[in-house]
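The sequence lines fix the lettering, A, B, ..., with proteins before strands; numbering per chain opens at 1.
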Amino acid sequence: MLGRVPLFPQKPSLTFAPMFVVLDSLSQPMKAMSPLEELRHSTAHVLATAVLRLFPEAKLDIGPPTDSGFYYDFDLDHRFSAEDLQALEKEMKKVVKERQPFERIETSRDEAETFFQEAGQPYKISRLGDIPEDEAVTFYRNGEFTDLCAGTHVPHTGHIKAFKLLSIAGAYHRGDEKNKQLQRIYGTAFPNKKELADYLERLEEAKKRDHRRVGREQKLFTIDEEVGQGMVLWMPNGAVIRQELQNFIMDELFKQNYEQVFTPHVGKLGLYRTSGHFPYYRDSQYPPLVEPDALESMAHEGCSCSDLTNRLNEGDVDGFLLKPMNCPMHIRIYASQPHSYRDLPVRMFEFGTVYRWEQSGELNGMTRVRGFTQDDAHLFCTEDQLKDEIEGCLDLVKTVFRTLGMSDYRVRIGLRDPDSTKYTGPSENWDKAEQALRELARDLDVPYTEEPGEAAFYGPKIDFVVKDVIGREWQLGTVQVDYNLPERFALEYIGSDNKPHRPVMIHRAPFGSMERFVGVLIEHFAGDFPLWLAPEQVRILPLSDKLVPYGQKLLQKLRSRKFRATLDSHDEKLGAKIRRGRLDKIPYLLIVGGREEEAEEVSVRSRAHGEMGTLPFAQLLSQLEEERETRFYRAAQTDEPNNAKK
RNA sequence: GCCCUUGUAGCUCAGUAGGUAGAGCACGUCCUUGGUAAGGACGAGGUCACCGGUUCAAAUCCGGUCAAGGGCUCCA
């Protein structure tokens, strides 16, 4: 299919490259490109040059640098294949060899538009319209390829020494799914071949700690077609981790005077009409469950599907909803009895399972699922208590991250979009809440960004965001202020003035969802969990069959002290058992031979510290207990037997 | 939901030009009783995702469905 002769475009063609203007429509000043961005951006131009040589009819959109490389979007009837990428790389190498200088040309808006018309590049015309009136219109030219571009670029294409095209993906023009879907080619470039090779190797390494892979290897969870997409089945090993995390957070919640509640998985539609979740968010909910009698009588009347939908929306027919959120039920608990200002704040928590109809293309292992359990809580407080309560929530999140040794996260403050009117609640309250969030974020000692327009419609929020092994960002912990639901449910407390007042609500979840958090945690630890979390904490390795009875005696003792321990009674040599134990990432391997049996000792090999020599068993037990109780964490050594072998 | 790719044993993968399947690891049995990252022998294990079509013959070619992966869009 690539038998076609590489053609040079008959007509000039342009690329509008200044992504910063296009993507950040907020009128920020143009950021200067770093040398690496410049290199990658130039490589994107070289890609476009090559594409036009091989596919002169291609329509070009934009080709900016990204965090890890660059991409370029094309509109073309021919579908790019893996072979095409190879051919394009080859062509790009030619362009590089030609050492084409990048030339900056300033032009007028009219000239540029004429140029696009002649080149038959409609996306460019559209992009041209994005350039602010007071900004110059500039082209960059390399060889036969001319591109609308704000720059900047390396001096000539010969500077591009190490690049690789990585993948093809669909991407909507201007990121809008109503627009045509273009073909995006992703690639990356580095100053030299070594750095490129290192990057590609890091990508490979990262895949080894992918939670989907580790989850399978360590039997933590599975997702089964017959159960449903996006439905996580926690296997025994995964259940241990989840339970330990829940125990951990419950210890902290006890210190902060939270109270636990339990609520059902379904609730009446009316409840969610009051809260506003139904039908407003219907697209991301499981369809409602309709009462059998109602369904039957509607069938008799010959109602269509859309009739049913309308009646459900209008509230003419009642039904139940698999709960998309826990808050309405917690609110009903609050509302079940009168509250004095002396009772506040009320802090109610639940590991509450919710269900959301995520788009099938969005599902991802444990990090994006259709049913998940939030470590949810709702705080009902007075306006005066708000700041302290938020602070308490943030402390909780910090404790979680610190205990688990997670330091690589960022904080996002979601604020109102100043131009929008979709927000509920008095704006003075918003001002106060936003100000409080800002001040508290400042004290967190963590990089944070303020993002206008990222607030929920009911209140501002603070999110904790971490990256997975592939660099995708996931929101974990969140603290959200809510002025809306107390209003909708007409919540009250009696103030010191003996009059009813409206409480403020805080939604918060330090882990976010157990599924997503554990998914991220698996990658954080690369499956190498600290003692308190490890599904199998200790494994006893008898030197031979003869030592199995002694091993069993130790096993009994460990289990009576509530350690998750096993005995490896396989008929293998010690070396093989150790190897297996290391691969299974068991924190402690206890080797027992005749010498140890005589002295009531064990030879200890720890995942974190390697060989620790021989210890009296009783002493080891208390050391392990201390490590477990303090939830001690220390990064393990990273030797991998697989690598060692090669 | 949309675009592209993929779908062979529990896992990682072979399977040449269509002729009803192989390897390594894991697993089981036996031999071996071994001191800090793989001892040996034998064995069991697969409706080649599913449905349909072409063909004398389909893991292999074609169509559809489902699922997974990478993006895009979305995420109360």
Side-chain angles (χ1 to χ4, degrees), chain A residues 71 73 79-82 84-85 166-186 207 210 212-213 216-217 219 222-226 228-230 272 275-278 280-285 324-325 327-328 354 356-365 367-370 422 454-459 461 463 470 472 474-475 478 480 482 484-485 507 513 516 541-548 570-583 589-596 603-605 610-614 639-645:
Chain A
Y71 65 81
D73 287 348
R79 296 285 151 195
F80 288 126
S81 66
D84 291 338
L85 290 194
L166 296 171
S167 62
I168 307 154
Y172 299 105
H173 172 56
R174 291 184 182 278
D176 187 337
E177 64 179 328
K178 288 189 211 71
N179 289 341
K180 182 160 185 187
Q181 193 161 50
L182 311 177
Q183 297 187 76
R184 173 172 297 179
I185 296 180
Y186 280 96
K207 282 186 193 152
D210 187 308
R212 290 164 297 193
R213 175 175 171 156
R216 187 175 54 234
E217 287 170 350
K219 302 186 178 66
T222 185
I223 293 172
D224 188 292
E225 251 185 70
E226 294 194 27
Q229 283 184 287
Y272 295 99
S275 71
H277 294 120
F278 188 87
Y280 188 58
Y281 289 105
R282 207 185 53 216
D283 286 350
S284 41
Q285 287 161 179
M325 300 199 105
C327 23
V354 297
R356 299 181 188 177
W357 189 261
E358 304 287 359
Q359 299 191 84
S360 61
E362 264 314 322
L363 300 173
N364 184 275
T367 48
R368 190 80 185 263
V369 294
R370 284 185 173 163
K422 69 172 182 176
E454 284 298 303
F457 71 89
Y458 51 73
K461 60 176 183 170
D463 294 327
I470 313 180
R472 290 179 291 213
W474 299 101
Q475 176 197 311
T478 182
Q480 311 182 353
D482 187 349
N484 178 50
L485 288 177
H507 309 245
S513 101
R516 178 176 291 179
L541 312 183
L543 192 59
S544 74
D545 287 354
K546 293 183 199 123
L547 278 307
V548 167
H570 282 88
D571 182 9
E572 296 282 359
K573 287 188 165 177
L574 181 60
K577 292 186 188 184
I578 288 173
R579 181 181 144 80
R580 192 202 308 263
R582 300 283 283 150
L583 286 173
L589 300 176
L590 308 186
I591 292 135
V592 294
R595 299 200 288 272
E596 285 80 4
S603 171
V604 182
R605 199 175 163 126
E611 279 189 65
M612 293 169 65
T614 305
D639 58 324
E640 289 293 335
N642 288 335
N643 297 345
K645 203 182 168 190

Student: Which of the following nucleotides, B:A76, B:G39, B:U12, is nearest to the side chain of A:R216?
Tutor: B:U12
Student: If I pick the P atom on B:G15 and the same atom on B:C61, what distance separates them, to the nearest angstrom?
Tutor: 13 Å
Student: Quote, to the nearest angstrom, the C1' distance that separates B:C42 from B:U16.
Tutor: 31 Å
Student: Does any nucleotide pair with B:C42 by Watson-Crick or G-U wobble geometry, both distances under 3.5 Å, and what is it?
Tutor: B:G28
Student: Starting at the 5' end of RNA chain B, which residue's closest nucleotide do you reach first, A:G594 or A:E572?
Tutor: A:G594
Student: Remember a base hit wins even if backbone is also touched, and classify A:I470 as base, sugar-phosphate or nothing at under 4.0 Å, heavy atoms.
Tutor: sugar-phosphate
Student: Could you give the distance separating B:G24 and B:U33 at their P atoms, to the nearest angstrom?
Tutor: 26 Å
Student: Answer with base, sugar-phosphate or nothing: what part of the nucleic acid does A:E226 contact at a heavy-atom distance below 4.0 Å?
Tutor: nothing
Student: Rounded to whole Å, how long is the line connecting atom CZ of A:R579 with atom P of B:A38?
Tutor: 7 Å
Student: Which base, if any, makes a Watson-Crick or G-U wobble pair with B:G63, both distances under 3.5 Å?
Tutor: B:C51
Student: How is A:Y280 classified with respect to the nucleic acid when contacts are heavy atoms under 4.0 Å: base, sugar-phosphate, or nothing?
Tutor: nothing
Student: What is the separation between atom CZ on A:R580 and atom P on B:U36, rounded to the nearest whole Å?
Tutor: 18 Å
Student: Say you pick atom C1' in B:G1 and the same atom in B:G45; how far apart are they, in whole Å?
Tutor: 40 Å
Student: What is the nucleic acid contact for A:S275, judged by heavy atoms within less than 4.0 Å: base, sugar-phosphate only, or nothing?
Tutor: nothing
Student: Within this structure, what is the CG-to-C1' distance between A:D224 and B:A68, rounded to whole angstrom?
Tutor: 13 Å
Student: Taking only Lys NZ, Arg NE, NH1 and NH2, and the carboxylate oxygens of Asp or Glu, determine whether A:D210 and A:R212 approach each other closer than 4.0 Å.
Tutor: yes
Student: Please find the pair of heavy atoms, one from A:D224 and one from A:E226, that lie closest to each other, and give the distance.
Tutor: OD1-N, 2.7 Å
Student: Looking at A:Q229, does any N or O in its side chain come under 4.0 Å of the phosphate oxygens OP1/OP2 on B:A68?
Tutor: yes
Student: Taking the same atom, P, in B:U32 and in B:U36, what whole-Å distance lies between them?
Tutor: 22 Å
Student: Looking at the side chain of A:L574, which of B:A76, B:G35, B:C11 is the nearest nucleotide?
Tutor: B:G35
Student: What about A:S603, does its side chain sit under 3.5 Å from the base of B:U36 through a donor-acceptor pair?
Tutor: yes
Student: Look at all strands and tell whether A:A171 reaches a base, only sugar-phosphate, or nothing, counting heavy atoms closer than 4.0 Å.
Tutor: sugar-phosphate
Student: What integer distance in Å separates A:E177:CD from B:C3:P?
Tutor: 12 Å
Student: Side chain of A:D545: nearest nucleotide among B:U36, B:U33, B:G70?
Tutor: B:U33
Student: Taking A:N364 for its side chain and A:T367 for its backbone only, find out whether a donor-acceptor pair lies under 3.5 Å.
Tutor: no
Student: Closest approach to the side chain of A:R368, judged atom by atom: which nucleotide of B:C75, B:C27, B:G69 is it?
Tutor: B:C75
Student: Classify the nucleic acid contact of A:G361 as base, sugar-phosphate or nothing, counting any heavy atom under 4.0 Å across all strands shown.
Tutor: base
Student: Is A:F457 atom CZ crowded by more than 12 heavy atoms from other residues, nucleotides or ligands, each under 6.0 Å away?
Tutor: yes
Student: Taking any heavy-atom pair under 4.0 Å as a contact, classify A:Y186: base, sugar-phosphate, or nothing.
Tutor: sugar-phosphate
Student: Please walk me through it: do A:R282 and A:Y280 pass side chain to side chain donor-acceptor pair (under 3.5 Å)?
Tutor: CA-CA 6 Å; A:R282 207 185 53 216; A:Y280 188 58; over 6 Å; no
Student: Say we look at B:A59 and B:C2: how far apart would their C1' atoms be, to the nearest angstrom?
Tutor: 30 Å
Student: Measuring from the side chain of A:A576 (C-beta onward, heavy atoms only), which nucleotide among B:U36, B:G39, B:C72 has the closest atom?
Tutor: B:G39
Student: Expressed as a whole number of angstroms, how long is the span from A:E225:CD to B:U6:C1'?
Tutor: 14 Å
Student: Hey, is the main chain of A:H173 close enough, under 3.5 Å, to the side chain of A:N179 for a donor-acceptor pair?
Tutor: yes
Student: Report yes or no: is there a donor-acceptor pair, N or O only, under 3.5 Å between the side chain of A:D571 and the base of B:C30?
Tutor: no
Student: Which listed nucleotide (B:G71, B:A76, B:G34) is nearest to the side chain of A:Q181?
Tutor: B:G71
Student: Write down the distance between CG (A:D283) and P (B:C74), rounded to a whole number of angstrom.
Tutor: 13 Å
Student: Could you work out the separation of B:C11 and B:C4 based on their C1' atoms and round it to a whole Å?
Tutor: 27 Å
Student: Give a yes/no answer on whether the side chain of A:H570 brings an N or O atom under 4.0 Å of OP1 or OP2 in B:C27.
Tutor: yes
Student: With a 3.5 Å limit on both atom pairs, tell me what B:G69 is paired to, counting Watson-Crick and G-U wobble, or say none.
Tutor: B:C4
Student: Determine yes or no for a side-chain-to-main-chain donor-acceptor pair under 3.5 angstrom, with A:R516 supplying the side chain and A:Q475 the backbone.
Tutor: yes
Student: Under 4.0 angstrom, heavy atoms only, what part of the nucleic acid is A:R472 near: base, sugar-phosphate, or nothing?
Tutor: sugar-phosphate
Student: Under a 3.5 Å limit for both distances, which nucleotide forms a Watson-Crick or G-U wobble pair with B:C13, could you say?
Tutor: B:G22
Student: Would you indicate, yes or no, if B:G70 has its OP1 or OP2 atom less than 4.0 angstrom from a side-chain nitrogen or oxygen of A:Y71?
Tutor: no
Student: For a quick test of reading the model: is some side-chain N or O of A:R212 closer than 4.0 Å to OP1 or OP2 of B:G70?
Tutor: yes
Student: Is there a donor and acceptor pair, one atom on the side chain of A:Y172 and one on the base of B:G71, closer than 3.5 Å?
Tutor: no
Student: Please assess A:Y272 against A:Q285 for the test side chain to side chain donor-acceptor pair (under 3.5 Å), listing each intermediate value before the final yes or no.
Tutor: CA-CA 11 Å; A:Y272 295 99; A:Q285 287 161 179; over 6 Å; no
Student: Testing the 3.5 Å rule here: is there a donor-acceptor pair between the side chains of A:Y172 and A:R174?
Tutor: no
Student: Considering only the P atoms, how many Å lie between B:A58 and B:A21, rounded to the nearest integer?
Tutor: 12 Å
Student: Using a cut-off of 4.0 Å on non-hydrogen atoms, how would the nucleic acid contact of A:G593 be classed: base, sugar-phosphate, or nothing?
Tutor: base
Student: Figure out the CG/P separation between A:N364 and B:C75, and round it to whole Å.
Tutor: 17 Å
Student: When the nearest nucleotide of RNA chain B is assigned to A:S360 and to A:K546 on a heavy-atom basis, which residue is associated with the more 5' position?
Tutor: A:S360
Student: What integer distance in Å separates A:L363:CG from B:G70:P?
Tutor: 12 Å
Student: Is any N or O donor-acceptor pair between the side chain of A:E596 and the base of B:G35 shorter than 3.5 Å?
Tutor: yes
